[in-house]
**Q** 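The structure follows.
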There are 2 protein chains.
Amino acid sequence: MGTDVFTLQAEILKALSHPTRIRIVNQLRRGERCVCEIMAELELEQSNVSQHLAVLKRAGLLGARKDGLKMMYWVRRPEVFVVLDTLRRMVLLRVEEQVRLLSEAE
Amino acid sequence: MGTDVFTLQAEILKALSHPTRIRIVNQLRRGERCVCEIMAELELEQSNVSQHLAVLKRAGLLGARKDGLKMMYWVRRPEVFVVLDTLRRMVLLRVEEQVRLLSEAE
DNA sequence: AGTTCATATTAGAATATACTGATAGAGTAA
DNA sequence: TTACTCTATCAGTATATTCTAATATGAACT
């Protein structure tokens, strides 16, 4: 199991490494949301959203609480946002690089 | 394919989300290494290391060049280290939290 | 009690990953 | 040329992920 630091790091990364889960985390930047709001905004099936939330929660990234019928989720680790912001920078750099290579190839 | 930002972010995360690949990236913190050095230090099969390096390279995280018989790899995106450092902090926080919960349960 | 709403869980199929072992190819040295 | 070194790639199997659709749970309301 998650015994060494590398494995624990990999588990967190794996939990984050899905477009839908990244979108969920981004939705939670401004605070907690219920499942119904998340599935409405992302236009995804309820069971699918629940499963992705479970993955993020299992990795310790999300907290959850019941509010009547609704289940509210929030991000417990602000460091997640640092990771996603860093990745956005990497993606932009990569795209810029590809554009540059394409224009140089003419 | 990798068309939107979330998918591109997820692709990078997926490339990083394996203990062996994290260890490889950490090995490359101090500069380039050949496959033989990496497999020796990690005590892994050569084909296994080659495959993991290919994953990292495909994600744009590593550069590679030939040096005689050897193939040298290096990290092209210093942001990768920011991501891993942030993750290490998260892992430590998580472990501390579990220790705290265990001691409170007594 | 039964009904409805919000969410979780399960089953199953499709796809993706990871590893091992074998083979291929490219470069070097004799 | 042959032999050797280093690395990549392929084939095959095992395991993991992801999605959809169906079912279960559980709280609130009548």
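In what follows, chains are A, B, ... by sequence order, proteins preceding strands, each numbered from 1.
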**Q** Considering only heavy atoms from C-beta outward, does the side chain of A:E32 approach that of A:D67 to under 4.5 Å?
**A** no
**Q** With side chain to side chain contact (heavy atoms under 4.5 Å, CB included) as the test, would you mind laying out the steps for A:L93 and B:E79 before giving the verdict?
**A** CA-CA 10 Å; A:L93 286 170; B:E79 296 87 3; 3.2 Å; yes
**Q** Hey, are the side chains of A:F6 and B:N26 touching, using non-hydrogen atoms and a 4.5 Å cut-off?
**A** yes
**Q** How would you list all residue pairs meeting salt bridge (charged side-chain N to carboxylate O under 4.0 Å, His left out) that involve residues 90-100 of chain A, not counting sequence neighbours?
**A** A:E97-B:R76, A:E97-B:R77, A:R100-A:E104
**Q** Roughly, in whole Å, what's the span from CZ in A:R58 to C1' in D:dA16?
**A** 12 Å
**Q** Strictly under 4.0 angstrom, non-hydrogen atoms only: write out the protein contact profile of nucleotides 24-30 of chain D, one letter per nucleotide from the 5' end, B, S or -.
**A** --BBS--
**Q** Tell me, please, the opening and closing nucleotides of DNA chain C, 5' to 3', among those with an atom under 4.0 angstrom from a non-hydrogen atom of chain B.
**A** C:dT17 to C:dT28
**Q** I want to check one thing: is the phosphate of D:dC6, taken as OP1 and OP2, less than 4.0 Å away from some side-chain N or O of B:Y73?
**A** no
**Q** To the nearest 0.5 Å, how far apart are CZ in B:F81 and OG1 in A:T86?
**A** 13.5 Å
**Q** If we only count heavy atoms from C-beta on, is the A:L56 to A:L16 side-chain gap below 4.5 Å?
**A** yes
**Q** Can B:L101 be reached from B:M90 by stepping across I, L, V, M, F, W or Y side chains whose heavy atoms are under 4.5 Å apart?
**A** no
**Q** With the side chain counted from C-beta on, respond yes when A:L13 and B:V83 share a heavy-atom pair under 4.5 Å apart, and no when they do not.
**A** yes
**Q** Would you say that more than 12 heavy atoms from the other residues, nucleotides or ligands in this model lie under 6.0 Å from the CZ of A:R30, or not?
**A** no
**Q** Membership question, hydrophobic clusters at under 4.5 Å side-chain separation (ILVMFWY): are A:L92 and B:V75 in the same one?
**A** no
**Q** Check DNA chain D against residues 15-44 of chain A and give the residues with a non-hydrogen atom under 4.0 Å, in numerical order.
**A** A:H18, A:R21
**Q** Answer with base, sugar-phosphate or nothing: what part of the nucleic acid does B:K14 contact at a heavy-atom distance below 4.0 Å?
**A** sugar-phosphate
**Q** State, to 0.1 Å, how close A:R88 and B:Q9 come at their nearest heavy-atom pair, and which atoms those are.
**A** N-NE2, 3.5 Å
**Q** Between protein and nucleotides 9-12 of chain D, what N or O pairs are separated by less than 3.5 Å?
**A**
from   : atom 1 : to    : atom 2 : distance (Å)
D:dC10 : N4     : B:Q51 : NE2    : 2.8

**Q** Look at the side chain of A:S50 and the backbone N and O of A:S47, then say whether any donor-acceptor pair between them is shorter than 3.5 Å.
**A** no
**Q** What is the separation between atom CE on B:M72 and atom P on D:dA8, rounded to the nearest whole Å?
**A** 12 Å
**Q** Would you list the atom pairs, donor with acceptor, under 3.5 Å between side chains in residues 34-43 of chain A and any protein atom, with sequence neighbours excluded?
**A**
from  : atom 1 : to    : atom 2 : distance (Å)
A:E37 : OE1    : A:C34 : N      : 3.0
A:E41 : OE1    : A:Q27 : NE2    : 2.7
A:E41 : OE1    : A:R33 : NH1    : 3.2

